[in-house]
Visitor: 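Questions regarding the structure given below will be posed in turn.
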Amino acid sequence: MSHTLRVLVALVALAVIPLSSLRAQDSTTESKMRRAGTAVEVYKSTEDADGKPVSLNLYVFRPEDHKPSDRRSAIVFFFGGGWKSGTPNQFVEHCKHLASRGMVAMTADYRVLDRQGTKAVQCVADGKSAVRWIREHADRLGVDPNRIVAGGGSAGGHVAACTGVVEGYDESGDDHSVSSRPDALALFNPAVVLAGIDDRPPLDPEKVAGLPERMGTDPKALSPIHHVGPETPPTIIFHGKADSTVPYWTVEAFCQAIEKAGGDCELVGFDRQGHGFFNYGRGDNSSYQSTIRHLDRFLVSQGFLQPASLADSTPLSTIDLSDDTDRQVIVDREKGQYLGHPTTCLLEDGKTMLCVYPKGHGRGGIVYKRSDDGGRTWSDRLPTPDNWSTSREVPTLHRVIGPDGTKRIIMWSGLYPARLAVSENDGLDWSPLKPVGDWGGIVVMGFVEALRTGPGHYLAMFHDDGRFFNQNGKRTGVFTLYQTRSTDGGLTWSDPESVYQSSDVHLCEPGCIRSPDGKRLAVLLRENARRKNSHIIFSDDEGESWSTPRELPLALTGDRHTGKYTADGRLFISYRCQSPTQDRKHRPFEGDWVGWVGTWEDLVGGRDGQYFVRLGDNTKGADTAYPGVEVLPDDTIVTTTYGHWTQGEQPYILSVRLKLSELDALDRSQR
């Protein structure tokens, strides 16, 4: 069965499966909404399929300080339910949040099959009427008629998308001189492909015979992807990558069509999430919280909201896991031997994990181990090429893929000259370390990031203080941040170029995080002079240029940041807690192995984040935490580092296992 056929069959199923067991009549919904604190407006008087009169309500949530003379931005949500069922209750919590942020937020009723016997064409007509009514009554509502957003989920996402891209299907009694096109779209697992696409296999007419009847017209006429044009409003889409009702490829195609037409579309995908994952009350609400944070950030970027002030941010919670030995796995320990500075690499099967680390502080022969069960148990030390014993720096592991699709793991060893080892069979065999060029540096490489400039393209960064970039170099007092590129899947690398250098602010040990939409790179940096907080830089052009470094909050200040996204879109970043000299006595967990939980928006906005977590209690100074961070298919975080975990003994390699849902529960229990 073709991709397009599968989605159309799913949409036919969507038309007969209610969103929930609620089949509330209008009066019941209105009573619930009034109790939730809404104002009730009738935006449309129309008829059901039998010609009986129908009044359609808008439920309006206003900011506390709202005045009729205001010109606030507005958003209207349309519920899901397969054009058959559902109620405006679905988006109440979304409305409450956005009203608290300053928007006039509304959730709209519209005609559906179960209550009014109508078809999808009437759903779309009602959606257009709602947007038009808000614009017509902007003065009375205290909203800006040029800052109206339409949002919705599933079939409601389809309705919202149609208000933005589909011409016609307007109610005859509406004032058509008032535009029904919103100024932005916020779509949650929307149905946006209802007919064949040119580059997809042809459809089987027998399989989709019922769809025209359910739509009330040719499905292509109400298929948003077929009507995208240059006037399509800026759009954000939230979608589960495991959605079997509305497959993920359909929203990818829709976003691509918008961008091809010159528009702006951001797709936020959620691994292992299915249809309706975003709804308030689903699970522990982590997906709701993640999507509302992303939506908030999008609305700020488009000028519909003001950035949240730091005073509005949720206070940073502090959690200590260092005594929870049930979470800990000893990767390697040797009496009297210093073991430090590990890096891990998780393979695509989601369970095979590799780990390398030196026998010594930042230098020494490289030890190599393997886990076949996601880090729960580890092999004995595995054989390595002879010259791995000559490593003089911290080894780092990275998965890379060549332009021809060849998968490799590369391992860097720094100082002068920077050397590289390669495996092309997932770490079963390795090459010796070989020089990459006539240059070197410290912690080569802090990261290796795949670029969107082409298959097999990668960016890597490291730093140097003058001693190791060239042979026989000397300390200069200037720290230089370098970057280098590969276009052949990590086998060869360009001569490094300077990104930033300073004798005052010593930026080093870069760790890279890409934005959820993939369009922006952020690099977190240790400040080694210990005069200031850690810093962050951004690139919007795949590393061709970088923003001026700025300080991170103290909550994220430390060394060797390594971060990954979890399924709900939050970030987990592991690092060493190391503060500017003047702040050390005031900060908990100084010198320990710590983690931070927050969002991309927290990084961009300079906010503290959600959690500050001690992972391990290091008993000697700040000699700890060059971490690996991996996220398993079940969303378990496995983070690995070294430290002086036992007083008076040499450091050894330890991993900690956790889920953010567990931190959420711990935080609730502490309040």
Side-chain angles (χ1 to χ4, degrees), residues 1-11 13-14 80 150-162 164-166 184-203 208 219-220 222-230 232-278 287 290-291 294-295 297-298 301 348 401 405 450-455 457 514-520 542 565 567-569 600:
M1 187 183 293
S2 73
H3 284 296
T4 311
L5 176 56
R6 281 198 296 270
V7 71
L8 288 173
V9 170
L11 289 171
L14 179 65
S154 192
H158 168 261
V159 170
C162 286
V165 300
V166 174
L185 296 173
L187 311 178
F188 299 78
N189 50 241
V192 290
V193 179
L194 276 69
I197 304 174
D198 289 342
D199 60 351
R200 299 284 178 175
L203 306 180
V208 295
K220 188 173 182 178
L222 293 183
S223 178
I225 195 170
H226 291 87
H227 301 274
V228 167
T232 300
T235 301
I236 188 168
I237 304 175
F238 304 98
H239 212 91
K241 293 185 178 180
D243 192 333
S244 59
T245 303
V246 181
Y248 190 70
W249 72 263
T250 61
V251 290
E252 286 184 309
F254 185 61
C255 243
Q256 291 165 4
I258 293 174
E259 292 177 342
K260 185 177 180 180
D264 182 12
C265 183
E266 179 179 345
L267 173 57
V268 186
F270 287 77
D271 291 335
R272 300 182 292 280
Q273 295 299 315
H275 201 65
F277 73 100
F278 64 89
S287 293
S290 179
T291 53
H294 281 292
L295 177 58
R297 190 263 315 143
F298 171 78
S301 71
E348 287 79 359
I401 303 176
L451 295 176
R452 307 203 307 175
T453 54
H457 291 200
R514 189 178 282 275
S515 63
D517 65 4
K519 297 178 181 179
R520 199 174 201 195
E542 297 298 287
Y565 288 98
D568 68 3
W600 170 262

Visitor: For Pro233 and Gly164, work out which heavy atoms get closest and say how close.
Guide: CD-O, 3.4 Å
Visitor: Provide the closest heavy-atom pair for His275 versus Ser154 in the form atom of the first, atom of the second, distance.
Guide: NE2-OG, 2.8 Å
Visitor: Could you walk me through whether His239 and Glu252 pass the side-chain contact (heavy atoms from CB on, under 4.5 Å) test, one step at a time?
Guide: CA-CA 10 Å; His239 212 91; Glu252 286 184 309; over 6 Å; no
Visitor: So, for Pro219 and Leu194, which heavy atoms are closest and what is the spacing to 0.1 Å?
Guide: CB-O, 3.2 Å
Visitor: Output all residues satisfying ring pair (Phe, Tyr, Trp, His ring centres under 6.0 Å) with Phe188, sequence neighbours left out; order by chain, then residue number.
Guide: Phe91, His94, Phe238, Phe278
Visitor: Do other residues, nucleotides or ligands put more than 12 heavy atoms under 6.0 Å from Lys220 NZ?
Guide: no
Visitor: Can I get a per-line list of side-chain donor-acceptor pairs under 3.5 Å for residues 264-274, giving both atom names and the distance, sequence neighbours left out?
Guide:
from: Asp264; atom 1: OD2; to: Gln302; atom 2: NE2; distance (Å): 3.1
from: Glu266; atom 1: OE1; to: Arg297; atom 2: NH1; distance (Å): 3.0
from: Glu266; atom 1: OE1; to: Arg297; atom 2: NH2; distance (Å): 3.2
from: Glu266; atom 1: OE2; to: Arg297; atom 2: NH2; distance (Å): 2.3
from: Asp271; atom 1: OD1; to: Lys241; atom 2: NZ; distance (Å): 3.3
from: Arg272; atom 1: NE; to: Pro633; atom 2: O; distance (Å): 2.3
from: Arg272; atom 1: NH1; to: Pro633; atom 2: O; distance (Å): 3.4
from: Arg272; atom 1: NH2; to: Pro633; atom 2: O; distance (Å): 3.4
from: Arg272; atom 1: NH2; to: Asp635; atom 2: OD1; distance (Å): 3.4

Visitor: Judged by atom type as modelled, is there a donor-acceptor pair below 3.5 Å linking the side chain of His158 to the main-chain atoms of Gly153?
Guide: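 Such a contact is absent between His158 side chain and Gly153 backbone.
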Visitor: Report the distance from atom SG of Cys255 to atom CG of Leu187, rounding to the nearest 0.5 Å.
Guide: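 Between atom SG of Cys255 and atom CG of Leu187 there are 9.0 Å.
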Visitor: Nearest 0.5 Å please: distance from the CZ atom of Phe254 over to the OG atom of Ser223.
Guide: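 With rounding to 0.5 Å, CZ (Phe254) is 9.0 Å from OG (Ser223).
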Visitor: Should the pair Glu542-Arg514 be classified as a salt bridge under the 4.0 Å nitrogen-to-oxygen rule?
Guide: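 A salt bridge links Glu542 with Arg514.
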Visitor: Please report the shortest heavy-atom distance between Gly569 and Ser290, naming the atom on each side.
Guide: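 Shortest heavy-atom contact: CA-OG, 3.6 Å.
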Visitor: Any side-chain heavy atom of Val246 sitting closer than 4.5 Å to one from Pro190?
Guide: no
Visitor: Does Ala257 have any side chain to side chain contact (heavy atoms under 4.5 Å, CB included) partners at least two apart in sequence or in another chain, and if so, which?
Guide: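 By the side chain to side chain contact (heavy atoms under 4.5 Å, CB included) rule, Ala257 matches Ile225, Val228.
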Visitor: Restricting to non-hydrogen atoms, name the atom on Phe298 and the atom on Leu185 that form the minimum distance, rounded to 0.1 Å.
Guide: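 Scanning both residues, the minimum pair turns out to be CE2-O, 4.1 Å.
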Visitor: For residues Asp243 and Phe277, determine if any side-chain heavy atom of one lies less than 4.5 Å from a side-chain heavy atom of the other.
Guide: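 They are not in contact (no side-chain heavy atoms under 4.5 Å apart), so the answer is no.
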Visitor: Identify the heavy atoms of Ala160 and Gly152 that sit nearest to each other, and give their distance.
Guide: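 Smallest interatomic distance, heavy atoms only, reads CB-N, 4.1 Å.
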